[in-house]
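Everything on this sheet refers to the single structure shown next.
Atom set for the values below is all heavy atoms of this structure, side chains included, hydrogens, waters and symmetry mates excluded. Worth saying up front: this structure is predicted, and the values here are computed from it rather than measured.
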Amino acid sequence: MPPPRHPYFRGLTPTLHISHRGGSLLAPENTLPAFRMAVERYHTQMLETDVHLTRDGELVVFHDDTLERCTNGEGPLAAHTLAELRRLDAGYHFTPDGGRTFPFRGQGVQLSTLRELLRAFRGLRINIEVKPDVPGIEDVFFQVLREEGVLEHVCIGSEQDAVGERLARVMPDACHFYPRDALTAFVLSVRAGEQPPDERRYTVLDMPLYFGDVRLVDESLLRAVEAHEKWCNVWTVDEPEEMRRLVAEGIGGIMTDRPDLLRRVLDEQPKPR
């Protein structure tokens, strides 16, 4: 899978090591300790993350709409200010052993702002999903990316087509991944033996490997991705044998919650001469 011509892909070749939320089975997801572990220990080539907007207009790195699963807080994230969120323990619920231990609890792990993430990993590629459909969030997002000078180092988008379309309108020159309906149209058309829609706004297919029991990535899909000068990353793959199969098939990138296992699989591959 040759990389598209967009500057985001400069110097990148398959298969990319992508740490999903920093590697959420190894450290508290979407936190700086998780991201640092992925980068420093497992040499990830790309971080995958999500952003939400606080009550006082700050973008923070977090996946869920609510706080209960990942912190000791309660209620909607959007109902809290950044200062309130800073007081929460973002490592409170992380357990590597089914609840026997909580090694990050009480260790000062906080929610991070998007700016903090971008500044901590200058030059690293980051895949960022805008989670909520909030009027104007695209403008706040653009302002942060522009001020931090990272527009060529991020691939952005949203699962929600309305948000993805607004992001593409505000930042037409950025790298965008397909939102849900546009992605579905691409995949279904290929599976039906038809030409996918001519969609110039989006370059990257960030997609699940399976839909139920159906494996979505196959030779015909990868041929179509290459023919239309797109790129395909799959999520969330934590089994080494599936990783090896994807590498052999030439997938663009693998998003994983086990960056340790993916690093081991990628290091097995023959090095270019």
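Between the OG1 atom of Thr44 and the CG atom of Leu124 there is a distance of 7.0 Å, given to the nearest 0.5 Å. Between the CG atom in Leu47 and the CZ atom in Arg125 there is a gap of 12.0 Å [rounded to 0.5 Å].
Take Asn72 and apply the side chain to side chain donor-acceptor pair (under 3.5 Å) test, not counting sequence neighbours, and it matches no residue. Legend: residues meeting salt bridge (charged side-chain N to carboxylate O under 4.0 Å, His left out) with Asp198, ordered by chain and number and at least two apart, are Arg200. For Leu59, the side-chain contact (heavy atoms from CB on, under 4.5 Å) partners two or more places apart in sequence, or in a different chain, are Val51, Leu53, Leu114, Ile137, Val140, Phe141, Val144. For Arg191, the salt bridge (charged side-chain N to carboxylate O under 4.0 Å, His left out) test picks out Asp218, with sequence neighbours left out. With sequence neighbours excluded, no residue satisfies ring pair (Phe, Tyr, Trp, His ring centres under 6.0 Å) with Phe121. In this view, Arg146 satisfies the salt bridge (charged side-chain N to carboxylate O under 4.0 Å, His left out) rule with no residue, not counting sequence neighbours. Listed by chain and residue number, Glu229 satisfy the salt bridge (charged side-chain N to carboxylate O under 4.0 Å, His left out) test with Arg5 (two or more places apart in sequence, or in another chain). Listed by chain and number, the residues in a side chain to side chain donor-acceptor pair (under 3.5 Å) with Glu40 amount to none (sequence neighbours excluded).
Residue pairs satisfying the salt bridge (charged side-chain N to carboxylate O under 4.0 Å, His left out) criterion with at least one member in residues 165-188, sequence neighbours excluded, are listed as follows: Asp133-Arg166, Glu138-Arg166, Glu159-Arg180. Counting only residues at least two apart or on different chains, the side chain to side chain donor-acceptor pair (under 3.5 Å) pairs with a member in residues 251-262 are His20-Asp257, Ser24-Asp257, Asp238-Thr256, Arg258-Asp260.
A heavy-atom distance below 4.5 Å is not found between the side chains of Thr15 and Leu262.
The hydrophobic cluster around Leu26 extends to Met37, Tyr42, counting ILVMFWY residues whose side-chain heavy atoms fall within less than 4.5 Å of a member. Hydrophobic side-chain contacts under 4.5 Å tie Leu67 into a cluster, directly or through other members, with Val60, Phe62, Leu77, Leu82, Leu85, Leu88, Leu111.
Using a 4.0 Å cut-off between charged nitrogen and carboxylate oxygen, Lys230 and Glu199 do not count as a salt-bridge pair. Classification of Arg69 and Glu29 as a salt-bridged pair holds, one side-chain N sitting under 4.0 Å from a carboxylate O.
Under 3.5 Å, the side chains of Trp235 and Asn233 contain no donor-acceptor pair of N or O atoms.
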